[in-house]
> 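First, the structure itself, so that you have it in front of you.
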Amino acid sequence: MTPLSLKKRNANSSSSGSESLNMKQIQPVVEGVLRETPFIDVHTHLFAPAMGAIGLWGIDELLTYHYLEAELFRSSRVTPAEYRELAKQAQADLIWRTLFVENCPISEATRGVIAVLNAFGLPTEGPSLKKARAFFAAQKRELHIKKVFALAGISEVVMTNDPLDPQEAPLWMRGFQRHPQFHAALRLDRIINSWPKHWNILANQGYQVDEQASGKTTAEVRRFLSDWVERMHPVEMAVSLPHTFQYPAEGVCSKLLREAVLPSCREFHIPMALMIGVRYQVNPAIRLAGDAVGRADLRALENICRDFPENRFLVSVLSRENQHELCVYARKFGNLLPFGCWWFLNNPSIVEDMTRERIEMLGLSFIPQHSDARVLEQVIYKWRNTRRTLTSILAGHYRVLCEDGRSVTRRDIQSGVTRLFRSNFEECTGMRNSGLG
Ligand code: FIX
Ligand code: ZN
């Protein structure tokens, strides 16, 4: 594009963000737009303030995060059993001493805690956690949530809500003050993955179900799901699936998906989130930290997207080896929306790879990231890292577009970022139309 026409275009469009940017301007504009656009965090394990103690926050929870427990057992002779014996604060002290004092906190997860402490102007080194504990103890939850969301640059989060969780379910049964920035997700792992162990919970609640999922079971599971949709108003239904997941297959899992869950998603016009590729509990001794990853056969996904064209699927796959296939399948099925660099993939070097490939193959039709935060303040570093990684990637793609002969404007960048981190999810869930958000 000739300088002249650029100058003419700039003259009459500077204020509206529609002026063409030169190569040097692109990266700072991308950085600014990423910083100023509040993201929707589409998958977390955070809970609305009125749900009380099941919502984790503060320094002791940050330090005893299962990512750090896994790293503790690599740098300390303490056994998982001995660690479990300790009180929460003692566990946190041990992890701080081992990973932050005796060793340099250079890993992704340890660096995250440093970034949170720094964000609140708290000491990031030295043996004592006294100041940090006093600081967090002094915070009022609602105000603290506001501050944390502002620091993280997010407007709202999607929770993970398990209707069979013995701690959480009674809260929903009793009812509590919903919070506009905490959306519900009806999580169905216990029903879909381990029905034989959990069917009787539904039976005890009066649903006519049985272990073989025969007779009225699928209709009753649909009734159960309707009751919970009524209770939670979820933006999606969700499940994590093992790397061995097959569809179609003999057995209860396929049957419940086909005859209860997916029809229910269609009935309530909400998507199904499939998170595929976990090798559950390869080391049960370290509990939540004991899950691993396995390469999945994504033909299951191919079959589901093809067989249920009316359903929308939010999909995240855990294995690095499955990422390319996921991109290819997303090009084949418009009802498949890839999201996030999940769990063991949430490391800048891998996020970079995955995001570049996704932009090259899918343009802006995916959701780059979610935090998977289990502790409130984690959103601060997880989204800071994402913005840091995405800035150079997005700027690089816009610069190449410019080199190829199409001018790029601030408005282009704004609409791109908004689509990646807001409207793809809003449209897929219909959350703005159904008054859910
Ligand atoms: O299944 C999931 O939602 C996973 O994200 C979690 O189970 C996992 O423990 C986790 O925290 C990953 O970051
Ligand atoms: Zn999760």
Side-chain angles (χ1 to χ4, degrees), residues 40-47 54-57 61-73 80 107-113 152 154 157-165 167-168 182-194 234-245 253 271-294 296 313-320 322 338-348 350-351 354 367-383 385-386 425:
I40 299 176
D41 193 342
V42 304
H43 174 67
T44 75
H45 298 267
L46 303 180
F47 295 98
I54 62 170
L56 307 181
W57 58 298
E61 296 299 345
L62 284 168
L63 287 169
T64 53
Y65 180 36
H66 70 82
Y67 288 33
L68 292 175
E69 290 179 336
E71 294 179 27
L72 169 74
F73 298 123
S107 73
E108 180 67 12
T110 50
R111 221 170 16 84
V113 176
I154 57 175
V157 300
V158 178
M159 304 184 281
T160 293
N161 308 104
D162 180 349
L164 300 187
D165 179 279
Q167 274 188 296
E168 185 182 354
F182 288 77
H183 302 289
L186 183 51
R187 182 75 179 239
L188 304 173
D189 293 38
R190 292 181 210 235
I191 289 176
I192 293 174
N193 293 335
S194 45
V235 292
E236 63 184 36
M237 294 191 196
V239 67
S240 84
L241 295 159
H243 67 106
T244 52
F245 172 64
C253 171
M272 182 70 196
L274 303 172
M275 306 175 78
I276 308 171
V278 188
R279 286 176 71 82
Y280 297 102
Q281 294 297 283
V282 297
N283 181 0
I286 58 176
R287 308 252 174 101
L288 261 182
D291 294 332
V293 55
F313 298 98
L314 285 153
V315 179
S316 210
V317 288
L318 192 53
S319 162
R320 197 168 185 182
N322 280 141
F339 78 96
C341 304
W342 182 26
W343 204 343
F344 309 114
L345 299 167
N346 192 357
N347 293 298
I350 304 175
V351 172
M354 288 172 64
I367 300 172
Q369 190 57 297
H370 63 272
S371 74
D372 229 320
R374 281 183 173 272
V375 182
L376 176 68
E377 297 85 0
Q378 288 172 341
V379 291
I380 295 172
Y381 75 84
K382 291 190 184 235
W383 285 113
N385 294 343
T386 297
F425 186 70

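Side-chain atoms are counted along with the backbone in the values below, which use heavy atoms only and exclude waters and symmetry mates. Whatever order the structure lists ligands and atoms in, that order sets their numbers, starting from 1.
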> Note the single closest protein heavy atom to atom 10 (C) of ligand 1, along with its residue, its atom name and the distance in Å.
His66 NE2, 3.5 Å
> Under 3.5 Å, side chain of Asp291 to main-chain N/O of Gln281, donor-acceptor pair present?
yes
> Of the side chain and backbone of Lys382, name the one, both, or neither that has a heavy atom under 4.0 Å from an atom of ligand 1.
neither
> Side chains of Tyr67 and Ser107: is there a donor and an acceptor less than 3.5 Å apart?
no
> Just by modelled atom types, is the Asn347 backbone N or O under 3.5 Å from a matching donor or acceptor in the Glu108 side chain?
no
> Provide the number and element of each atom of ligand 1 under 4.0 Å from a heavy atom of Arg374.
6 (C), 7 (O), 8 (C), 9 (O), 10 (C), 11 (O)
> Quick one: CZ on Arg111 to CG on Asn385, what's the gap to the nearest 0.5 Å?
5.5 Å
> Is there a donor-acceptor pair closer than 3.5 Å between any side-chain N or O of Thr44 and the backbone N or O of Asp372?
no
> Taking only heavy atoms of Asp372 into account, list the atoms of ligand 1 that are under 4.0 Å away from them.
5 (O), 12 (C), 13 (O)
> Quick check against the 3.5 Å criterion: does Gln369 have a side-chain atom that pairs as donor or acceptor with the backbone of Cys341?
yes
> Ignoring hydrogens, just give me the one of His370, Gln378, Arg187, Met275 whose non-hydrogen atom is nearest atom 2 (C) of ligand 1.
Arg187
> Pull out every atom of ligand 1 sitting under 4.0 Å from any heavy atom of His43, numbered as shown with elements.
3 (O), 5 (O)
> Indicate whether any N or O donor in one side chain lies under 3.5 Å from an N or O acceptor in the other, for Glu71 and Thr110.
no
> Do any protein N, O or S atoms sit under 2.8 Å from the Zn ion (ligand 2), and which ones are they?
His43 NE2, His45 NE2, Asp372 OD1
> How far does CD of Glu61 sit from CZ of Arg374, to the nearest 0.5 angstrom?
11.5 Å
> Just to confirm my output: which protein heavy-atom neighbour is closest to atom 4 (C) of ligand 1, and how far is it?
Trp342 NE1, 3.5 Å
> Tell me, which protein residue and heavy-atom name are nearest atom 13 (O) of ligand 1, and how many Å apart are they?
Tyr67 OH, 2.5 Å
> Would one find an N or O of Asp291, backbone or side chain, under 3.5 Å from an N or O of ligand 1?
no
